[in-house]
2 protein chains.
Amino acid sequence: MTEEGARRAPLNRDRVLRAAVELADEVGLAGVSMRRLAQQLGVVPMALYKHVADKDALLDGMVDAVIGEFDPPDPALDWQDGVRQRVLSARRAVLRHPWARQAIESRTRRTPAVLAYMDSVTGTFRAGGFSVDLTHHVMHALGNRIWGFSPELFDEPRDPGAPPLPPEAQQAMAAEFAERYPHVLEIALAATQGDLSGVGRGCDEDFEFAFALDLLLDGAGRLHRRGWSSRAASAPPAV
Amino acid sequence: MTEEGARRAPLNRDRVLRAAVELADEVGLAGVSMRRLAQQLGVVPMALYKHVADKDALLDGMVDAVIGEFDPPDPALDWQDGVRQRVLSARRAVLRHPWARQAIESRTRRTPAVLAYMDSVTGTFRAGGFSVDLTHHVMHALGNRIWGFSPELFDEPRDPGAPPLPPEAQQAMAAEFAERYPHVLEIALAATQGDLSGVGRGCDEDFEFAFALDLLLDGAGRLHRRGWSSRAASAPPAV
DNA sequence: GACAGCAGGTGTACGGCGTACACCTCGATC
DNA sequence: GATCGAGGTGTACGCCGTACACCTGCTGTC
């Protein structure tokens with residue numbers, strides 16, 4: 001026990017951010033408060049404000065930390081595999097930090113790290129011969145997917161604490177569902193091989209993500225090869 | 001002045017939700033608190049809890065109200081135009097309520113209104129002959145886009161209160177940008193016809209939205225015509 | 001060695017938030 | 001006329017972010 005001898009190493013922005021990431025990993029984004037983070041660091045809440053401007057800046061920094069975990073681009077790949085690998089690497093990082101998705105969605109400032117990542121992905125398309133025009137629209141079309149996530153659609157986040165429903169209640173729910181939402185039920189049944197007890201767990205998110213990503217990248221490639229330009233397309237991109 | 005004679009009409013869930021929507025339209029989602037909403041309704045905060053379970057339920061109800069503004073499906077259209085119109089109608093509703101995007105993203109419960117809308121869109125694909133399998137994956141690929149929005153990508157929400165930068169500062173920023181983020185700059189220049197003073201205003205969000213939507217729908221149609229099935233596709237959907 | 005300056009940490013306080021809980025009020029029902 | 005329940009009230013608690021004044025101890029300068 002160093003007791004009092006070696007007093008706590010002085011804080012700095014980096015240690016604050018790392019502690020915030022760690023805290024969020026443990027207790028979720030909602031559990032991260034300036035007060036709680038300060039406590040974790042053995043410091044009074046106001047001490048944090050010497051290192052981050054305010055809570056918003058803290059969140060920005062946390063997102064930057066996640067971006068810092070993305071793999072660097074691999075220059076040996078062509079544009080399609082290049083973007084694919086980059087985005088899937090982003091996905092891995094975001095999945096390591098369950099709060100990251102929500103944090104990224106809530107951010108409204110573009111930090112240098114954010115811009116650098118977007119610039120890098122954009123550059124991959126350009127290096128692949130894409131026009132500025134097409135690159136621009138394709139980046140928009142990818143949207144949040146460049147951060148490695150897409151919204152949960154059917155996944156019910158049924159909290160793990162809830163007790164499993166008794167079979168007859170499941171039956172009743174299924175009946176109600178079948179009447180009101182036949183098409184959603186159909187999909188749920190197909191995705192879970194008929195076992196509705198775990199609806200939501202049935203969707204293979206990784207598959208869905210790659211499916212959508214490749215749908216977009218393939219479509220983009222098709223437009224590129226065809227010499228598509230937004231000037232010629234007041235109509236939607238024709239089939 | 002009715003003074004005391006005609007006392008305030010009694011609250012009900014609907015009036016509470018409508019007032020919440022109105023309040024959010026005026027002051028944004030962050031400005032909506034139980035206390036402020038109560039004040040708006042001339043009532044004490046705790047009175048609201050007789051009509052909504054808690055703030056989360058209030059948000060759910062507000063989202064449901066927006067969904068209630070979506071146009072009904074038009075059975076005369078084929079699947080592609082059907083989905084297209086439906087989603088664009090959702091977009092119009094969401095754009096009428098600037099807070100709706102954020103509210104929808106934050107929701108985690110699937111209310112009956114949410115399920116009903118998803119069921120309806122799903123049903124349009126099915127009626128168009130799509131397999132359950134393909135419909136499932138395409139719904140995932142659409143993701144948040146079925147709510148009529150995609151994430152802002154390049155749009156800096158530069159708050160309107162900020163004074164316009166002096167020209168030389170703009171120059172300096174552009175120079176810094178050009179060095180660090182050449183590809184993003186390139187796009188910004190193209191999108192704004194060289195007038196960087198309004199970066200962000202340059203993107204035609206409606207065009208971007210339709211572009212991405214049609215890219216996805218066209219891709220989906222191609223897979224459908226080809227009889228695509230996820231069983232046959234352990235590999236990504238081939239070009 | 002004295003001292004100014006300053007980066008980093010502290011303590012207190014304010015105004016906001018969501019909401020638990022006990023209570024009151026008043027019109028409908030028997 | 002008593003009862004009851006739906007709707008509204010009042011008070012209180014424990015959180016939150018952060019403004020502001022203050023203290024502490026190291027650094028460089030003379």
Side-chain angles (χ1 to χ4, degrees), chain A residues 2-24 26-63 99 102-103 106-109 159 161, chain B residues 2-24 26-63 99 102-103 106-109 159 161:
Chain A
T2 50
E3 291 262 318
E4 278 288 333
R7 39 201 336 127
R8 205 200 47 256
L11 248 42
N12 58 47
R13 187 178 153 86
D14 229 62
R15 284 200 348 112
V16 169
L17 292 182
R18 276 210 309 276
V21 165
E22 211 172 307
L23 182 58
E26 280 167 26
V27 302
L29 199 58
V32 176
S33 70
M34 298 302 275
R35 297 170 121 99
R36 184 147 178 192
L37 176 57
Q39 192 180 15
Q40 203 83 0
L41 286 164
V43 116
V44 96
M46 286 311 292
L48 302 179
Y49 288 84
K50 293 284 202 262
H51 306 283
V52 294
D54 55 17
K55 189 167 181 187
D56 239 46
L58 178 75
L59 273 301
D60 282 341
M62 290 169 68
V63 168
W99 47 270
Q102 190 187 341
S106 77
R107 292 306 74 202
T108 179
R109 275 194 58 229
D159 53 340
Chain B
T2 49
E3 292 264 316
E4 278 289 333
R7 39 201 336 127
R8 204 200 49 256
L11 248 44
N12 58 46
R13 187 178 153 86
D14 229 62
R15 283 197 352 109
V16 169
L17 292 183
R18 278 210 308 275
V21 166
E22 210 172 308
L23 182 59
E26 281 167 25
V27 302
L29 199 58
V32 176
S33 71
M34 298 301 275
R35 297 170 122 100
R36 183 148 180 193
L37 177 56
Q39 192 180 13
Q40 202 84 358
L41 286 164
V43 115
V44 97
M46 287 310 292
L48 300 178
Y49 287 84
K50 293 284 201 262
H51 305 283
V52 294
D54 55 16
K55 188 167 181 187
D56 239 45
L58 179 75
L59 272 303
D60 282 341
M62 291 169 67
V63 168
W99 48 270
Q102 189 186 343
S106 77
R107 292 305 74 202
T108 179
R109 275 194 58 227
D159 54 339

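A note on names: the letters A, B, ... follow the listed sequences, proteins ahead of strands, and every chain is numbered from 1.
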Novice: Taking atom C1' of C:dG8 as reference, at what distance in whole Å does atom CZ of A:Arg15 sit?
Specialist: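 The distance from CZ of A:Arg15 to C1' of C:dG8 comes to 13 Å, rounded to the nearest Å.
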
Novice: Quickly work out the B:Asp54 CG to C:dC17 C1' distance and round it to whole Å.
Specialist: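 Distance, rounded to whole Å: 14 Å.
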
Novice: Check A:Leu23, A:Val27, A:Val21 against A:Trp99 for a side chain to side chain contact (heavy atoms under 4.5 Å, CB included) and give me the one that passes.
Specialist: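 Between A:Trp99 and the candidates, side chain to side chain contact (heavy atoms under 4.5 Å, CB included) is satisfied uniquely by A:Val21.
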
Novice: Can you name the nearest heavy-atom pair linking A:Pro45 to A:Ala38, along with the distance?
Specialist: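 Distance-wise, the nearest heavy atoms are CA-CB, 3.4 Å.
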
Novice: Expressed in angstrom and rounded to an integer, what is the separation of B:Leu11 atom CG from C:dT25 atom C1'?
Specialist: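 About 16 Å, once rounded to whole Å.
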
Novice: I want to check one thing: is the phosphate of D:dA6, taken as OP1 and OP2, less than 4.0 Å away from some side-chain N or O of B:His51?
Specialist: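 The answer is no; no side-chain N or O of B:His51 sits under 4.0 Å from OP1 or OP2.
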
Novice: To the nearest angstrom, how far is B:Leu41 atom CG from D:dG7 atom P?
Specialist: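 Distance, rounded to whole Å: 15 Å.
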
Novice: Taking all atoms of both residues into account, what is the closest heavy-atom pair of A:Leu41 and A:Ala19, and its distance?
Specialist: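 Looks like CD2-CB, 3.7 Å.
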
Novice: Any heavy-atom pair between the side chains of A:Leu37 and A:Val43 that's under 4.5 Å?
Specialist: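 No, every pair of side-chain atoms sits at 4.5 Å or beyond.
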
Novice: Within this structure, what is the CD-to-C1' distance between B:Gln39 and D:dG10, rounded to whole angstrom?
Specialist: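 Spelled out: CD on B:Gln39 to C1' on D:dG10 is 16 Å.
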
Novice: Figure out the CG/P separation between A:Asp14 and C:dG8, and round it to whole Å.
Specialist: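 Those two atoms, CG and P, are 14 Å apart.
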
Novice: Might you point out which heavy atoms bring A:Leu58 and A:Ala20 nearest each other, and give the distance in Å?
Specialist: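 Shortest heavy-atom contact: CD1-CB, 3.9 Å.
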
Novice: For nucleotides 20-23 of chain D, tabulate all protein N/O to nucleotide N/O atom pairs closer than 3.5 Å, reporting atom names and distance.
Specialist:
none

Novice: Can you tell me the distance, in whole Å, between the CG atom of A:Leu48 and the C1' atom of C:dG9?
Specialist: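 So the two atoms are 11 Å apart, to the nearest Å.
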
Novice: Sequence neighbours left out, what pairs pass side chain to side chain donor-acceptor pair (under 3.5 Å) with at least one residue falling in residues 35-63 of chain A?
Specialist: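 Every side chain to side chain donor-acceptor pair (under 3.5 Å) pair that includes a residue of residues 35-63 of chain A, provided the two are not neighbours, is A:Asp60-A:Arg107, A:Asp60-A:Arg109.
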
Novice: Could you list all N or O pairs between the protein and nucleotides 14-16 of chain D that sit under 3.5 Å apart?
Specialist:
from, atom 1, to, atom 2, distance (Å)
D:dC16, OP1, A:Ser33, OG, 2.8

Novice: So which pairs with a foot in residues 11-22 of chain A pass side chain to side chain donor-acceptor pair (under 3.5 Å), sequence neighbours left out?
Specialist: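 Listed by first then second residue: A:Asp14-A:Arg18.
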
Novice: What distance separates B:Leu59 CG from B:Thr108 OG1, expressed to the nearest 0.5 Å?
Specialist: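 Atom-to-atom, B:Leu59:CG and B:Thr108:OG1 are 12.0 Å apart.
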
Novice: If I compare all heavy atoms of A:Ala103 with all of A:Val63, which pair ends up nearest, and what's the gap?
Specialist: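 For A:Ala103 and A:Val63, the tightest heavy-atom pair comes out as CB-CG2, 3.9 Å.
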
Novice: By nearest heavy atom, map A:Val43 and B:Ala53 onto DNA chain C; which one lands nearer the 5' end?
Specialist: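 Mapping each residue to its closest nucleotide by heavy atoms, the 5'-most match is A:Val43.
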
Novice: Using atom CZ of A:Arg13 as one end and atom P of C:dG8 as the other, report the distance to the nearest whole Å.
Specialist: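 In whole Å, C:dG8 P lies 13 Å from A:Arg13 CZ.
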
